[in-house]
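In each ligand, atom 1 is the first atom listed, and ligand 1 is the first ligand listed. What you see is a predicted model, and the numbers here were worked out from it, not measured in a lab.
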Amino acid sequence: MSEKYDVVIIGAGIGGLVCGCYLAKAGLKVLIVEKNDKPGGYCTSFERDGFKFDVGPHYFGSLREDEGILFRILKELDLLDRIKFVTSDPTDRIITPDKTIFIRKNKEDTKKELMSHFPQEKENINDFFKFVLHKDFLYILSKTKKITFKKLLNSFFKDEKLKSALSVLTINLNLPPSKASALVMTVLLREFIFDGGYYPKGGMQVFSDLLAQRFKEYGGRIILSRIVKKIITKRKKVKAVELDNGELILSKIVVSNADATLTFKKLLDCHSKEAEKVRRLKPSYSAFVVFLGLKKKLKIKPPHFVTWFLSDYDVERIYRNINLSEEGSIKGKIIVFPPLEDTLLSFREKNTMRAIVIANYQNIWKRYKEKICNKIIKRLSFLIPDLERLIEIKEIATPYTFYRYTFNKRGALFGWQATPNQIDRNVFPPQVSVKNLYLVGHWVTSGIGHGNIPMVAFCGKRVFRLILKREKR
Ligand SMILES: Cc1cc2nc3c(=O)[nH]c(=O)nc-3n(C[C@H](O)[C@H](O)[C@H](O)COP(=O)(O)OP(=O)(O)OC[C@H]3O[C@@H](n4cnc5c(N)ncnc54)[C@H](O)[C@@H]3O)c2cc1C
């Protein structure tokens, strides 16, 4: 039996790290146990033959000075001077079957760009921007809480191509516009897309390493490469966690940053009502990702963070055919590829590149992944001639890979699907029916979205506040 902690956090994803920082800063004795050999969960980077790749996010939002959620968290943790974020203008490029549309850093410029492509929708575009950026958030909430993004777009626009171009952005929730919550999409557009993305200089691992370092400076302890096997309770009250080496660690409080289904169905040693709940909720989709190390540096003009490659205007059909077919057809898939990170990440004077295709957790990867990968590369050659010849190394991540890496159910990218009926604060709150057990990260619903870095960081702060309140009692 080892020493006793005030709080043990299972998992060093961004939710766990931020929560740990606040708790340790407040003087609590905190331990984080992470199964991987580095902190960050999806927000990590890895190296192959001198090339460096990010695993998950391509950029964050909410870093607007003094206002952004993430900005305020970094300020409170005294980290603003210790990390640099790169911005880009334009931030995104949307390629549709017959247009290339840029999302600019400045909202007014994005508005003008959209108006130049869809002059007949000029007034509606103006009204849409006014609505999305409305000062009274309660007004937005009342108009969007119960409806889908498709319904919201239909209430503003007539042009189907414009609706499709904006709908491509629902890939940020991995959902078709007919299912994606209008509220969460509006928040994303305000905080993230119309406000410009931010990329941590040096790659995503730099951001996670910094949070882990800060946690240790505040007096916290991290154990890497160890899996929590059980959460031990006595009369429905948390007592300890058991590690995969058999070690028992006593703790007054346990915070799980791990997958919600895993937490309640496998880790917890007693029955909970959440174990029933997780069966009813739908996890978000996963992704098929191709990582390429290229022999030379490409000039991407103008430089921008992400390309959203929409080869079919019918976005709904793309999601109807979510299962990648066995022949490896990727017809009509949305391919997202973030090219700017190459310049920021590569050790050498060479490019790295990622292509991300939304995918389901299927049983076909072993046999077909090479085939699917080659089709994706062929499709990208349409945009980057000679791509095949330029490839020095290639790696593939399937939904299985994402599951194995983080234990997220079915390799889910963003926690629960952000549909109107799965986003409410009460759908999956952080405080659960077992005493002294909390959940943190993208499986906790906040009411305005849960599956992205600013939101999981905010969730970390929210759980800290709940624990502090409890400790003061
Ligand atoms: C391909 C991709 C693209 C994305 N793009 C973006 C983007 O552009 N912008 C954005 O903001 N977000 C993006 N996201 C989403 C974002 O990365 C996630 O929502 C966020 O990182 C989730 O953080 P988390 O703390 O909830 O959990 P996770 O990152 O899942 O971390 C959970 C941690 O717990 C550990 N763990 C689990 N079980 C155990 C156990 N039993 N014992 C010990 N450790 C355990 C895992 O190893 C992991 O490190 C993307 C994700 C992916 C995969």
Side-chain angles (χ1 to χ4, degrees), residues 8-20 32-44 53-63 69-70 91-92 169 171-174 188 191-193 197-199 204 207-208 211-212 222-231 241-244 254-263 266-267 284-289 291 305-306 336-338 341 354-359 397 399 401-409 411-416 418 439-444 449-460 463:
V8 169
I9 300 176
I10 306 169
I14 299 302
L17 287 170
V18 169
C19 186
I32 299 180
V33 183
E34 166 57 49
K35 80 172 187 61
N36 292 332
D37 61 1
K38 54 183 128 181
Y42 278 148
C43 191
T44 42
F53 300 97
D54 288 327
V55 171
H58 21 270
Y59 53 34
F60 316 145
S62 296
L63 274 161
I69 294 171
L70 201 53
T91 57
D92 301 67
L169 300 170
I171 201 175
N172 277 302
L173 307 183
N174 248 1
L188 271 178
E191 290 290 321
F192 203 148
I193 296 161
Y198 299 80
Y199 184 82
M204 291 297 163
F207 181 67
S208 298
L211 285 172
I222 297 192
I223 300 178
L224 295 173
S225 308
R226 270 279 82 93
I227 296 176
V228 171
K229 281 279 177 201
K230 277 279 167 236
I231 300 170
V241 296
E242 187 189 332
L243 306 188
D244 55 350
V254 170
V255 176
S256 177
N257 184 208
D259 172 84
T261 309
L262 176 80
T263 302
K266 290 245 169 74
L267 300 185
S284 52
Y285 291 121
S286 188
F288 184 95
V289 182
F291 303 86
F305 277 137
V306 182
V336 185
F337 65 99
E341 61 193 38
R354 270 191 308 162
I356 306 170
V357 177
I358 174 176
T401 322
F402 285 111
Y403 165 71
R404 276 199 310 270
Y405 191 58
T406 58
F407 289 164
N408 278 304
K409 188 175 183 178
L413 260 47
F414 305 114
W416 306 117
L439 202 65
V440 74
H442 62 182
W443 298 99
V444 175
H450 40 269
N452 60 59
I453 297 298
M455 283 304 173
V456 298
F458 188 66
C459 182
V463 173

Check your understanding: For ligand 1, which atoms have a heavy atom of Gly41 less than 4.0 angstrom away?
Key -> 29 (O), 31 (O), 48 (C), 49 (O)
Check your understanding: Quick one: does ligand 1 sit under 4.0 Å from the side chain of Val33, the backbone, both or neither, non-hydrogen atoms only?
Key -> backbone
Practice item. To the nearest 0.5 angstrom, please state how far the CG atom of Leu63 sits from the CD1 atom of Ile453. Key: 11.0 Å
Exercise for review: Before signing off on this row, confirm whether His58 and ligand 1 have an N or O atom pair separated by under 3.5 Å.
Suggested key: yes
Review point. In the protein, which heavy atom is nearest to atom 5 (N) of ligand 1, and how far is it?
Key: Pro57 CA, 3.2 Å
Review point. Of the protein's non-hydrogen atoms, which lies at the shortest distance from atom 21 (O) of ligand 1, and what is that distance?
Key: Ile453 CD1, 3.4 Å
**Study point:** N or O pair under 3.5 Å between Arg354 and ligand 1
**Key:** no
Practice item. Would you mind running through ligand 1 and noting each atom that sits below 4.0 Å from a heavy atom of Gly441? Key: 26 (O)
Check your understanding: Which residue owns the protein heavy atom closest to atom 35 (C) of ligand 1, what's the atom, and how far is it?
Key -> Glu34 OE1, 3.3 Å
Revision key, fill the gap. Within 4.0 Å of some non-hydrogen atom of Phe414, the atoms of ligand 1 are 13 (C), 14 (N), 15 (C), 50 (C)
Check your understanding: Which of the atoms in ligand 1, numbered in the order shown and given with their element, are less than 4.0 Å from a heavy-atom of Gly13?
Key -> 25 (O), 31 (O), 33 (C)
**Study point:** Heavy-atom nearest neighbour of atom 9 (N) of ligand 1 within options Phe60, Phe288, Tyr59, Tyr42
**Key:** Tyr59
Point to revise | Closest protein heavy atom to atom 42 (N) of ligand 1, given as residue, atom name and distance to 0.1 Å | key: Val228 N, 3.0 Å
Practice item. State the CD-CG distance between Glu191 and Leu70, to the nearest 0.5 angstrom. Key: 10.0 Å
Check your understanding: Counting heavy atoms only, which of Val306, Asn36, Leu17, Thr406 is nearest atom 37 (C) of ligand 1?
Key -> Thr406
Check your understanding: Considering only heavy atoms, does Ala287 approach ligand 1 within less than 4.0 Å through its side chain, its backbone, both, or neither?
Key -> neither
Review point. Looking only at heavy atoms, which two atoms of Thr261 and Lys409 are closest? And how far apart?
Key: OG1-CD, 3.5 Å
Exercise for review: Give the atoms of ligand 1, by number and element, whose distance to some non-hydrogen atom of Arg226 is under 4.0 Å.
Suggested key: 43 (C)
Review point. Starting from atom 44 (N) of ligand 1, which protein heavy atom do you reach first, and at what distance in Å?
Key: Lys35 N, 3.2 Å
Check your understanding: Is the closest heavy atom of Tyr405 to ligand 1 under 4.0 Å?
Key -> yes
Point to revise | Proximity to ligand 1 by part of Ile227, non-hydrogen separation under 4.0 Å | key: both
Study note, to complete from the structure: Note: ligand 1 atoms sitting under 4.0 Å from heavy atoms of Gly15 are 25 (O)
Check your understanding: What is the closest protein heavy atom to atom 53 (C) of ligand 1, and at what distance does it sit?
Key -> Leu413 CG, 3.5 Å
Exercise for review: Ignoring angles and geometry beyond distance, decide whether Cys43 reaches within less than 3.5 Å of ligand 1 through its nitrogen or oxygen atoms.
Suggested key: no
Check your understanding: At the 4.0 Å heavy-atom cut-off, does Val289 count as touching ligand 1?
Key -> no
Check your understanding: At a 4.0 Å threshold, what atoms of ligand 1 neighbour a non-hydrogen atom of Asn408?
Key -> 30 (O)
Exercise for review: Can you sort out the partners of Thr91 under side-chain hydrogen bond (donor to acceptor under 3.5 Å, both in side chains), two or more places apart, ordered by chain and number?
Suggested key: none
